[in-house]
Number of protein chains: 2
Amino acid sequence: MENDRLNAGKSITIYDIAAEAGVSASTVSRVLNGSASVRKEKKDRIQSIIDKYNFKPNALAKGLSDTATKTIGIIAADVRNPYYSALFVACEIAAEKAGYSVGLANSLGVKEREQAQLDILLQQKVDAIIQMGGRVDDLITDDAYAEKVRAVCASTPVIVTGKLDKAPVHRVVIDEAKGMNLVMEHLIGLGHHKIALVGGEMRVASTFYKYQRYEDNLKAHGIKVNGEYVVNGYYDPESGYDATNKILKLEDRPTAIIAINDFAASGALRSIREHGLRVPEDISVVSFDNTYIADLMSPKLTSIDYNYDKYGQKLIDTAVAVSAGKEVEDLQMVDPVLVIRDSTGICYN
Amino acid sequence: MENDRLNAGKSITIYDIAAEAGVSASTVSRVLNGSASVRKEKKDRIQSIIDKYNFKPNALAKGLSDTATKTIGIIAADVRNPYYSALFVACEIAAEKAGYSVGLANSLGVKEREQAQLDILLQQKVDAIIQMGGRVDDLITDDAYAEKVRAVCASTPVIVTGKLDKAPVHRVVIDEAKGMNLVMEHLIGLGHHKIALVGGEMRVASTFYKYQRYEDNLKAHGIKVNGEYVVNGYYDPESGYDATNKILKLEDRPTAIIAINDFAASGALRSIREHGLRVPEDISVVSFDNTYIADLMSPKLTSIDYNYDKYGQKLIDTAVAVSAGKEVEDLQMVDPVLVIRDSTGICYN
DNA sequence: TATGTAATTGAAATCGGTTTCAGACAGTCC
DNA sequence: GGACTGTCTGAAACCGATTTCAATTACATA
């Protein structure tokens with residue numbers, strides 16, 4: 001008992017196991033990893049001692065002597081956004097299957113944090129870094145940031161979900177163009193011609209790409225682009241609310257609204273309701289991300305889904321492959337899917 | 001150049017710095033940590049070389065020789081639930097201020113995962129483990145699980161957000177009783193007597209405690225407890241929806257519904273709307289957690305808030321203090337607050 | 001029984017830091 | 001000048017694993 005107290009905090013090591021088994025640490029290590037053959041009788045004895053103490057080798061020591069830590073660091077913009085939490089959990093599950101564990105840091109969109117977190121992950125000797133959202137999504141890459149990432153890439157593979165060029169990263173990105181095409185085809189197929197776009201910043205690449213396809217699709221259908229129908233903002237409910245308020249004041253009201261994400265869509269819904277209009281009878285609403293929010297709203301939102309499980313799997317596969325020195329495509333695409341729910345309907349106007 | 005390529009993946013060490021500065025590694029270490037005095041001129045020279053290479057010491061090696069890793073492991077039930085993501089980010093920010101970094105693992109409510117994650121964190125030599133949600137919330141502690149936690153506690157402090165007894169953990173929990181008191185006072189103050197409770201499992205301690213106070217408050221106001229008004233379930237929208245459907249079919253309909261969390265409340269709102277009733281004119285709705293969902297709904301939800309920033313801060317403060325060997329209260333409480341929005345109103349029936 | 005080969009095993013080096021310990025050196029005081 | 005003090009500094013041990021290398025043992029074959 002008193003001995004227990006004295007030992008508090010001191011955990012058991014491979015040498016303790018070796019001593020109790022009357023063998024060397026090398027042999028215990030071999031049993032632990034199955035890295036070389038050990039005489040059956042001896043192996044069983046050692047294994048039973050390992051089990052008895054539920055001994056788990058110190059990951060720090062292991063990481064120090066091995067070349068790999070079997071750890072992947074993930075920097076997300078903000079897990080409080082369900083888009084990132086869904087993607088993170090998908091990565092975690094995929095990583096686990098591959099025998100890796102993941103760490104999570106939130107950059108909260110602050111450049112200094114992103115850089116500091118890169119440094120921490122580097123110090124922790126993760127085998128790869130996945131950065132989702134934040135600076136890597138900028139349409140125009142910040143030079144200082146690119147320089148930093150380039151330095152990181154020299155020792156650790158970096159996989160990003162955004163457009164970041166100017167650094168030797170691997171990219172696994174959503175095919176935004178395809179997503180917007182799906183949305184536009186859906187709306188135009190329902191007879192909508194007066195389509196608005198709310199929320200999002202043009203400095204964010206994914207938003208900009210969406211906007212491009214929005215224009216392209218309208219033009220392709222001979223529909224004139226109405227500048228008043230595009231009201232940017234951010235990615236939160238307030239932004240969607242404000243933008244929609246502005247749009248609903250227009251003389252020539254649109255019959256459909258595309259929100260940059262589900263948050264913005266929730267604000268749009270509120271604004272529409274407050275204007276005494278119905279969804280989808282008077283106005284259709286579509287959004288991007290298909291987070292659980294889409295399912296919480298009334299009416300439930302038609303939204304573009306990114307198949308988070310597959311997306312996470314692809315990110316981890318890439319991280320694992322690159323860190324193992326395998327050749328992997330620099331750029332991989334993830335196909336979005338349109339999930340049709342109750343917020344879109346035929347245009348009667 | 002070719003040299004660069006050869007060195008790819010090999011990062012710079014304290015010995016490289018020492019060699020370039022013409023001193024020993026010990027001296028560089030002293031400059032790095034300010035752990036002992038080094039002659040000014042020499043110190044500056046070493047520092048400039050450190051800066052030049054942006055050298056950051058290998059955290060694995062450091063953790064191996066130090067007693068602490070300045071790392072805190074967090075096991076959450078599921079960060080996709082905004083309750084946990086809010087709390088996690090609060091912890092991350094608080095940890096950062098204290099010079100710690102945090103890791104995140106999701107147990108997803110699976111016992112085997114919780115145990116495996118405890119083992120991984122132990123191997124990674126985190127200075128403390130914070131477990132939020134999952135098994136630690138059980139009203140009746142699982143013996144095998146308690147045994148596991150007890151073993152973990154022998155080497156690493158564990159802080160939990162739930163009721164887990166039977167293991168020498170530290171607990172920082174929400175004062176559920178106070179929360180439910182606030183809710184009941186609010187509703188009864190608005191004239192409600194027929195109050196229903198939807199969602200949640202009684203095997204979860206926090207839910208059970210809420211139920212107890214629900215009963216207590218009714219009795220204290222001389223209101224008879226109606227068993228039909230309590231419909232348990234889980235913590236998702238569907239559960240709230242199903243439970244509310246059941247309740248709205250009753251002859252003697254309640255005038256207020258308390259949902260176990262914002263998710264369940266969103267389902268309740270949907271059911272109420274589908275029954276052609278209005279919130280709060282016909283029925284008031286209150287919920288717990290005050291996640292951003294409460295703000296997304298129409299009407300916006302009146303909900304119990306846990307002050308996540310302070311809660312996270314308290315968790316980290318406790319983790320840091322305990323791992324430093326300081327004496328800390330075994331049980332600390334966090335006070336909830338009622339945030340009144342648009343889903344509750346005076347009872348006219 | 002002698003010999004060759006394959007299977008086992010442990011000593012020692014290594015990973016990249018920190019820290020103790022003792023020696024070198026400089027400055028102060030009689 | 002000698003003794004004493006205090007400041008700097010590096011060598012070496014240590015943290016807990018893995019792995020190389022060489023030695024030992026076991027076993028099959030001639």
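These numbers come from the heavy atoms of this one structure, side chains and all, not from hydrogens, waters or symmetry mates. This is a predicted model, so every value here is computed, not measured. Residue numbers begin at 1 in each chain, while the letters A, B, ... track the order of the sequences.
Using modelled atom types, one finds no donor on one side chain facing an acceptor on the other under 3.5 Å when comparing N58(B) with T13(B). Using modelled atom types and a 3.5 Å distance limit, the side chains of S11(A) and K125(B) yield a donor-acceptor pair. For the residue pair D317(B) and Q313(B), a side-chain donor N or O sits within less than 3.5 Å of a side-chain acceptor on the partner.
The CG atom of L32(B) sits 8 Å away from the P atom of dG17(C) (whole-angstrom rounding). At whole-Å resolution of the value, CG in L64(A) and C1' in dC14(D) are 12 Å apart. Going from atom CD1 of I46(A) over to atom C1' of dT8(C) covers 11 Å, rounded to whole Å. Atom NZ of K125(A) and atom P of dG17(C) are 7 Å apart (whole Å). Rounded to an integer number of Å, the gap from CG of L60(B) to P of dG16(C) is 10 Å. One can place OH of Y15(B) at 11 Å from C1' of dA11(D), the figure rounded to the nearest angstrom. With rounding to whole Å, E41(A) atom CD is found 12 Å from dA26(D) atom P. Here the P atom of nucleotide dA6(C) and the CZ atom of R39(A) are 17 Å apart, to the nearest Å.
Closest to the side chain of S65(B), out of dT19(C), dG16(C), dA12(C), is dG16(C). In the set dT18(C), dG17(C), dA17(D), the nucleotide with an atom closest to the side chain of F55(A) is dA17(D). Candidate nucleotides dT19(D), dG16(D), dT8(C) were compared by shortest atom distance to the side chain of N58(A), and dG16(D) ranks first.
Between S24(B) and dG10(D) there is a side-chain polar atom (N or O) within less than 4.0 angstrom of OP1 or OP2. For S37(B) and dC8(D), the shortest distance from a side-chain N or O to OP1 or OP2 is below 4.0 Å. Within the structure, a side-chain polar atom (N or O) of N33(A) is placed less than 4.0 Å from OP1 or OP2 of dT18(D). Look at S29(B) and you'll find a side-chain N or O under 4.0 angstrom from OP1 or OP2 of dT18(C). For dT9(D), the OP1/OP2 oxygens have no side-chain nitrogen or oxygen of T27(B) closer than 4.0 Å. Phosphate contact (OP1/OP2 of dT18(C), side-chain N/O of R30(B), threshold under 4.0 Å): absent. Contact check, K62(B) against dG16(C): no side-chain N or O comes under 4.0 Å of OP1 or OP2.
Among the heavy atoms of the strands lying under 4.0 Å from T13(A) are primed sugar atoms or P, OP1, OP2 only; no base atom is included.
Comment: R113(B) engages E96(A) in a salt bridge, judged by a side-chain N to carboxylate O separation of less than 4.0 angstrom.
Annotation: of the two residues near DNA chain D, I14(A) and K43(B), the 5′-most nearest-nucleotide partner is K43(B). Each of A36(A) and D66(B) was assigned the nucleotide of DNA chain C with the nearest heavy atom; the assignment lying further toward the 5' end belongs to A36(A). Where P57(A) and K40(B) each meet DNA chain D at their nearest nucleotide, the meeting point lying more 5' is that of K40(B).
Not one N or O on the side chain of D127(B) forms a donor-acceptor pair closer than 3.5 Å with the backbone of A68(B).
Atom NZ of K111(B) has more than 12 heavy atoms from other residues, nucleotides or ligands within 6.0 Å.
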